[in-house]
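The structure appears below as structure tokens.
Counting from 1, the numbers follow the sequence of the chain as shown. Quick caveat, the model's predicted, so the values are computed rather than measured.
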Amino acid sequence: ILSVSPIVDQESFEKIGNTILEQVLDSEFADKIRDNYRSEIIIFSDTRKVGTTFVDSDGERFYPGINHMNNGDIQERNILGNNYIFDSFPIEDYKGDKIGKIMVFLNINKIILVRQAGTQSIIRVTMAVIIIIVLLSIVIGRRLSKPILNLSKSAKAISEGKFDINIAPTSRDEIGELTVLFNEMAHSIKTQTEQINHISFYLKNIIDSMPSILAGIDSDGIVTQWNSEAEKKTGIGVEDAVGRPIEQLFPQFSDQLKIYKKSISDRIPYNMEKVSQKTDGERQIQYTDIMIYPLISNGVAGAVIRMDDV
């Protein structure tokens, strides 16, 4: 891509030259986009593939086979054991003519992992702060009990999800410095929590917009995620579903769902097509595709289960 900008004399306002900027559409440019938006990228120049961030097990870049799609037409695809949703955005010239496109791939498995890891991180930081404050209160004694008590109450408030904490320092000694650090920590936790909530809201919208039943489970088969389509098809709300074994929610597929343990331990996705079940008083047979995708990153064991009526 070439961009031309005129150079103008500041006194006469006459054009004295041009500045030409060039951006090569290649895999290096795709890497920059991926680093900024944490998504995999494929770049097309007209209809020719010119850049990709996808890398196979041998470290080689590759282009996954993607069917033709229109802008705004969100699709889903399993690539190298990871479940992606993706969309296409046009690259246009100054006349508005399409000269290429950028495809953005969002890894659903990683979003779930980020949400779980972020929540665990906040819990660990909060517990560590509480322990430090309790130890300090024991060592320092009664003379400093009031500022320590304020810090302790504030730490408890943080553990309850109240992050708008700002304690005024009452001295310039170590307790005053600790108070300043505590305020900075509270602000940092608040910022992290807001980011996690934003990711959680974004994830929920993505999951709920999918026309498939989608459920997340941990390594024991306990439901951790439950989308709108699952509520609609089963009649079981998310509050009643989360925390229950997946086989209880889909007893008609209990034999097929038992394979989730092998999928998680072997880190291999399983696809079971046209699993039959009888409906309407055993008079009709309905077929369902069942897919199990293991979560295999950051030490979090679990799986995503997808079901589609055939």
Side-chain angles (χ1 to χ4, degrees), residues 38-40 54 56-57 64 74-86 105-121 196 199-234 236-277 287-310:
R38 299 181 181 178
S39 304
E40 300 298 338
F54 281 99
D56 60 21
S57 58
I74 298 176
Q75 297 186 21
E76 181 184 357
R77 180 80 183 271
N78 184 270
I79 302 173
L80 295 182
N82 288 306
N83 201 27
Y84 291 87
I85 60 172
F86 56 93
F105 295 73
L106 185 63
N107 190 329
I108 295 178
N109 295 3
K110 286 187 177 180
I111 293 178
I112 295 176
L113 290 173
V114 167
R115 181 181 179 185
Q116 294 176 344
T119 302
Q120 293 172 2
S121 176
I196 292 172
I199 293 174
S200 298
F201 181 76
Y202 184 49
L203 170 63
K204 186 177 186 303
N205 284 341
I206 291 174
I207 293 177
D208 286 342
S209 67
M210 296 176 64
S212 309
I213 292 177
L214 196 66
I217 60 172
D218 61 17
S219 58
D220 296 321
I222 302 301
V223 173
T224 59
Q225 303 287 335
W226 191 253
N227 76 339
S228 296
E229 188 67 15
E231 291 189 53
K232 177 181 176 182
K233 290 294 179 64
T234 64
I236 301 174
V238 62
E239 294 182 355
D240 294 327
V242 172
R244 293 174 59 184
I246 188 67
E247 291 114 323
Q248 287 185 6
L249 303 175
F250 296 101
Q252 68 274 34
F253 300 127
S254 58
D255 291 337
Q256 289 80 13
L257 292 175
K258 289 178 182 178
I259 203 171
Y260 76 84
K261 293 183 179 179
K262 184 172 178 61
S263 177
I264 294 173
S265 62
D266 295 345
R267 298 185 176 185
I268 298 175
Y270 283 87
N271 185 10
M272 293 163 279
E273 297 182 348
K274 294 185 178 180
V275 179
S276 63
Q277 60 170 321
Y287 296 94
T288 303
D289 288 344
I290 302 175
M291 288 143 283
I292 301 177
Y293 305 103
L295 300 176
I296 57 176
S297 300
N298 297 335
V300 179
V304 176
I305 297 176
R306 174 185 171 185
M307 298 183 185
D308 292 290
D309 293 335
V310 180

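Q248 meets the side chain to side chain contact (heavy atoms under 4.5 Å, CB included) test with R244, P245; sequence neighbours excluded. Taking D218 as the reference, D220, I222, T224 meet the side chain to side chain contact (heavy atoms under 4.5 Å, CB included) condition, with sequence neighbours excluded. With sequence neighbours left out, S254 forms a side-chain hydrogen bond (donor to acceptor under 3.5 Å, both in side chains) with no residue at all. For D266, the salt bridge (Lys or Arg N to Asp or Glu O under 4.0 Å) partners are K262, not counting sequence neighbours. For V238, the side chain to side chain contact (heavy atoms under 4.5 Å, CB included) test picks out W226, E231, V242, with sequence neighbours left out.
Closest non-hydrogen pair, I292 versus P294, comes out as O-CD, 3.8 Å. Of all heavy-atom pairs spanning Q252 and Q256, the tightest one is O-OE1, 4.2 Å. Of all non-hydrogen atoms in S219 and Y260, the two that sit nearest each other are O-CE1, 3.6 Å. Contact record, G81 with P269: CA-CG, 4.2 Å, taken as the closest heavy-atom pair. The two residues K258 and E247 come nearest to each other via the heavy atoms CG-OE2, 3.8 Å. Minimum heavy-atom separation, L80 to D56: CD1-CA, 4.0 Å.
Between atom CE of residue M210 and atom CD1 of residue I85 there is a gap of 7.0 Å, rounded to the nearest 0.5 Å. Note that the CZ atom of F86 and the CD1 atom of I79 stand 7.0 Å from one another [nearest 0.5 Å]. The CG atom of L106 lies 11.5 Å from the CG atom of N82; values are rounded to the nearest 0.5 Å. Here N271 contributes atom CG and Y293 contributes atom OH; the two are 6.5 Å apart, rounded to the nearest 0.5 Å.
Side chain of S263 to backbone of I259: no donor-acceptor contact under 3.5 angstrom is found. The backbone N or O of K274 sits less than 3.5 Å from a side-chain atom of D289, completing a donor-acceptor pair.
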| said: Evaluate I246 against F253 for side-chain contact (heavy atoms from CB on, under 4.5 Å), listing each step before the verdict. | reply: CA-CA 10 Å; I246 188 67; F253 300 127; over 6 Å; no
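Residues Y84 and F54 bring their aromatic ring centres within 6.0 Å.
In this structure the side chain of I213 reaches within 4.5 angstrom of the side chain of F250, judged on heavy atoms. Taking the side chain as every heavy atom from C-beta outward, S276 and Y287 approach each other to under 4.5 Å.
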What donor-acceptor contacts under 3.5 angstrom involve side-chain atoms of residues 301-310, with partners at least two apart or in another chain?
| from | atom 1 | to | atom 2 | distance (Å) |
| --- | --- | --- | --- | --- |
| R306 | NE | S212 | OG | 3.1 |
| R306 | NE | D308 | OD2 | 2.8 |
| R306 | NH1 | E76 | OE1 | 3.1 |
| R306 | NH1 | E76 | OE2 | 3.1 |
| R306 | NH2 | S212 | OG | 3.4 |
| R306 | NH2 | D308 | OD2 | 3.3 |
| D308 | OD1 | S212 | OG | 2.4 |
| D309 | OD1 | Q286 | NE2 | 2.9 |
| D309 | OD2 | K233 | NZ | 3.1 |

